[in-house]
Structures are given as structure tokens and as C-alpha cells.
Q: 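For reference, the structure I am asking about is given below.
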Amino acid sequence: MAEVSYVKASRVFSGNPPVRAVDELSLEVSDGEFLVLVGPSGSGKSTALRMLAGLEDVDEGAIHIGGKDVTNVPPKGRDIAMVFQSYALYPHMTVAENMGFALKLRGVSKTEIKAKVDEAAKMLDLTKYLDRKPKALSGGQRQRVAMGRAIVREPSVFLMDEPLSNLDAKLRVETRANIAALQQRLGTTTIYVTHDQVEAMTMGHRVAVLKDGLLQQCDTPRALYDRPANAFVAGFIGSPAMNLKTVPITSEGAKLDGIIVPLSRAALDAAGGLDEVTFGIRPEALGIVSSNEEGMEMTVELVEELGADALVHGAVKIGDSSQRFVVRVDGRTPPTLGQHVKVAVRDHSEIHLFHPESGERLEA
Ligand SMILES: Nc1ncnc2c1ncn2[C@@H]1O[C@H](COP(=O)(O)OP(=O)(O)OP(=O)(O)O)[C@@H](O)[C@H]1O
Ligand SMILES: [Mg+2]
């Protein structure tokens, strides 16, 4: 087991201009932690993971594993095991042989290999498939064999790069719960890459959000959701996404269509000098109110019925433009398409304000 740190680590690919795929990444992962790296395609997640694995050069800065600087240590000397998206199993080997192969290469005795493989198979519910070849397994079972290959090596760090993307939706949900439980049980430091924010939020002890090679925020799922550091994180974390609109601000508050949303003293102070702010509110912090109450006029354009709730998408006039808002409502009484409704802020503690240009969160 080991802690991991990135110390202002960068990977710069040559080109014109050069691509800073990972840009001065500083991140500390504690021993036994499950850290998820999440971000849109091309944000540098795989590159960051590959730098840790030693498969990619570190052009600036350093990487430490277990307190030791491994920046120039080859992959073999790093005591890590990696599970990729394409977890190519050896087709001519049985499940047991696939799982034990790395140990065999290391010269571990047959009895010890068997003991380790049996133990991992039990954990992964693969015992009855040990003699099968990979082609006789389902996608989820193959994925578990790939996990098994990593587990038997008893590395100090697991690295996983989108290991579930070849599975169908239902199996992904099931498998992500299994991986999280397994990690908990083994207590092995794990760094897990995904572009799926739901996967990130449900699996990680902490989640690091990357964009264009730059770390945006690293915190617990709760903290990312409640206090996003900037407008990008606010829009990226949470499904459906937070409503984010640039609106005028006065000494009384933020001006939306027909209403002025009062803001706290601290928020107004933080926005001092600005005449516009990026106003953020999650769909569940908005609500539909009766027509005689104060609210924004919204024309319903789409209703997504999810069962317990419904998501109402509609157009609201802000200044001269029409902007789309999403409101989460009770699933039993959704409005109908084309209906004009009034929307109001239900929870004023759930308002987020960001700088209209830099996107940085205003007020601490
Ligand atoms: N070998 C390379 N040469 C040049 N540029 C590269 C190389 N590998 C990656 N890049 C660039 O570095 C950036 C980060 O790529 P990376 O594969 O780390 O993204 P990612 O976050 O894993 O994306 P995805 O979600 O699509 O897997 C991208 O702009 C990519 O084009
Ligand atoms: Mg990738």
C-alpha cells in the first residue's frame, strides 16, 4: 500500500503549439484512498494515469509513490497494476492461467499462484469459471478476470482507465458497485479514470476534475456538488446539469425575468463592481409556483418523466434573449408541453455565483 503524489507534474507533447496534456498537476492521494480522475474527452486523464504508471514521460515536476520519487523509475519498478478499457485477455489461456500469468513470469511457485488465483476468484465470484477460456465468458465476467489479473499481483497501487466502458449500462452500475466494495476490502490505493461524472461521484472517496490538462478542483463528491470551485465544475458535476446563466446584478440581487433573486451580503460583496454574474442553480432548487406568486414566466418545451420526479425544460426570457432552464418537479404532477408556468427559487441557500469571465466562484 502507498500514497501517491503528483508534484507540479506536466506532460507536454511536441507540436505547434505544443500540447500541455497535463499541466502542472499537483495532487496527493492518501494510502488506501479511491481517487477518481474525471473530465471531458481530451482533458488529460489517461495521460495523467500513464505518467503515474511510467508509460508516459514526466516533462516537468515529479511523481512520488510511497514517499519515493519514481519520476525516472521504469514501469516494472513501480509496484502498480493497471486495468485498461480494452482488457485484452490471452484467448488461448484459461481464466486461471490469465489471472496467474504475471506471477508465473515472476517465477512464483505453482502452489502459491494457485492459492492467490483461487482467493482472487472467490472475491470476484469467478471460481466456477477458472477452467474456461475468455471467449466462453460474458463481458462482465471478462472484466472481472481483468480485475483478477491486477489483484493477484498485490500491487501497492491500482490504476484503472475506464475499465467499464465496454459493458452495457446495467452491468456498469453493478460492476462499479463491486469495484468500490472490492477496493474497500483490499484497502489498496486506487486511481480510477472515467469521463462519466455519475461514475466518479458514486465511486470516489474524492474526485479530481480535469479540463484541458488543468486540475479544476479535487474534493469529496458532496463538496464538489455543494461548492463547485468554478462554473466548469458546476456545470460538469450533477445530472441534469446546473442551470448557469449570465444575468445582470444590482444592489438588491440577481435580475432574472420578472424577479430579483435576493443575494446574501457576502455574495453581493464578492460580486462588488460587477454588473453581471454567472448565476447557477440546480434543477432541484427551483420549483413551479402558482400563477399569483412571484416567479419567472416559463414556457414548457419538454417534460422528462423519470418516475419519482420529472424534469421540466422550458424557455425563460432574460433581457432580450430566451434561455433554457431545467426544473425538477414531483413526478405525479408535471405540467404539460406548451404550458406557461411560473418558476421560483425554492432554496436560496442553493444559489451559486461565478465571475462572468473567469468562471471562478464568488464568495468563499
Ligand atoms: N502521443 C500523443 N501525442 C500528442 N498528443 C497527445 C498524445 N497523447 C495524447 N495527446 C493529447 O493530449 C490530450 C490529453 O489526452 P488524454 O488521452 O490524456 O485525454 P483523456 O482525458 O484520457 O480523454 P478520453 O476521455 O477521450 O480518453 C489530448 O489533447 C490528446 O490529443
Ligand atoms: Mg482516456
Side-chain angles (χ1 to χ4, degrees), residues 4-27 29 34-63 65 70-72 74-75 78 80-88 139 142-143 146-147 150 157-169 172-173 175-176 179 190-204 206-219 221 224 228-239 241 359:
V4 166
S5 24
Y6 288 87
V7 188
K8 290 196 164 181
S10 304
R11 175 68 175 124
V12 188
F13 290 111
S14 53
N16 192 20
V19 180
R20 298 189 66 86
V22 173
D23 198 354
E24 296 199 6
L25 176 62
S26 290
L27 194 58
V29 188
F34 194 125
L35 181 102
V36 178
L37 283 178
V38 70
S41 184
S43 56
K45 307 178 296 291
S46 296
T47 306
L49 202 68
R50 290 168 54 81
M51 287 161 79
L52 183 53
L55 300 171
E56 200 74 75
D57 286 341
V58 178
D59 297 310
E60 297 159 12
I63 287 181
I65 299 177
V70 296
T71 315
N72 298 307
R78 296 196 182 194
I80 46 146
M82 193 149 170
V83 183
F84 296 93
Q85 171 180 351
S86 56
Y87 35 78
R142 280 181 215 163
Q143 202 284 333
M147 289 290 301
V157 184
F158 283 128
L159 304 182
M160 305 187 193
D161 193 350
E162 312 237 8
L164 307 183
S165 38
N166 289 337
L167 306 181
D168 66 44
R172 280 177 77 125
V173 173
T175 311
R176 80 183 181 215
I179 291 180
T190 301
I191 306 191
Y192 185 103
V193 164
T194 178
H195 63 269
D196 179 343
Q197 60 88 20
V198 177
E199 206 164 285
M201 296 288 276
T202 52
M203 294 179 85
R206 280 187 313 152
V207 176
V209 184
L210 286 176
K211 181 193 169 217
D212 299 335
L214 291 166
L215 179 65
Q216 305 291 306
Q217 188 172 7
C218 178
D219 216 325
L224 285 183
N230 58 40
F232 174 78
V233 176
F236 190 75
I237 298 290
S239 174

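Whatever order the structure lists them in is the order used to number ligands and atoms, beginning at 1.
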Q: Are the side chain of S5 and the backbone of V7 linked by a donor-acceptor contact shorter than 3.5 Å?
A: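 Flag not set: sc S5 to bb V7 has no pair under 3.5 Å.
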Q: Would atom 30 (C) of ligand 1 count as contacted, meaning some protein heavy atom under 4.0 Å?
A: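 For atom 30 (C) of ligand 1 the answer is no, since every protein heavy atom stays at 4.0 Å or beyond.
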Q: Ignoring hydrogens and geometry, is there a side-chain-to-backbone donor-acceptor pair from K45 to P40 under 3.5 Å?
A: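 Looks like yes, one N/O pair under 3.5 Å.
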Q: Between the candidates P40, G42, A48, S46, which shows the shortest non-hydrogen contact distance to atom 27 (O) of ligand 1?
A: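 Comparing heavy atoms across P40, G42, A48, S46, the nearest one to atom 27 (O) of ligand 1 lies in S46.
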Q: Which residue and non-hydrogen atom of the protein lie closest to atom 15 (O) of ligand 1, and at what distance in Å?
A: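 Result for atom 15 (O) of ligand 1: T47 OG1, 3.7 Å.
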Q: Which residue and non-hydrogen atom of the protein lie closest to atom 10 (N) of ligand 1, and at what distance in Å?
A: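 Ranking protein heavy atoms by distance from atom 10 (N) of ligand 1, first comes F13 CE1, 3.5 Å.
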Q: Does S41 bring an N, O or S atom to within less than 2.8 Å of the Mg ion (ligand 2)?
A: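 Not a single backbone or side-chain N, O or S atom of S41 is under 2.8 Å from the Mg ion (ligand 2).
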Q: For the side chain of Y6 and the backbone of A48, is there at least one donor-acceptor N/O pair under 3.5 Å apart?
A: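 At least one qualifying donor-acceptor pair exists.
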Q: For the side chain of S10 and the backbone of E24, is there at least one donor-acceptor N/O pair under 3.5 Å apart?
A: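 Flag set: sc S10 to bb E24 pair under 3.5 Å.
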Q: Could you tell me whether V19 and ligand 1 have an N or O pair separated by under 3.5 Å?
A: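 Looking only at distances, the answer is no, because the N/O contact criterion of under 3.5 Å is not met.
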Q: Does R78 reach the main-chain N or O of L52 with its side chain, forming a donor-acceptor pair under 3.5 Å?
A: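 Such a contact is found between R78 side chain and L52 backbone.
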Q: Less than 4.0 Å is my threshold; does some heavy atom of G39 fall inside it relative to ligand 1?
A: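 No, that is not the case, since the closest heavy atom of the residue is not under 4.0 Å from the ligand.
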Q: Taking Q217 for its side chain and A229 for its backbone only, find out whether a donor-acceptor pair lies under 3.5 Å.
A: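 Present.
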Q: How far is atom 26 (O) of ligand 1 from its nearest protein heavy atom, and which residue and atom is that?
A: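 That would be S41 OG, 2.6 Å.
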Q: Got the closest protein heavy atom to atom 25 (O) of ligand 1, with its distance?
A: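 The closest heavy atom on the protein side is K45 NZ, 2.8 Å.
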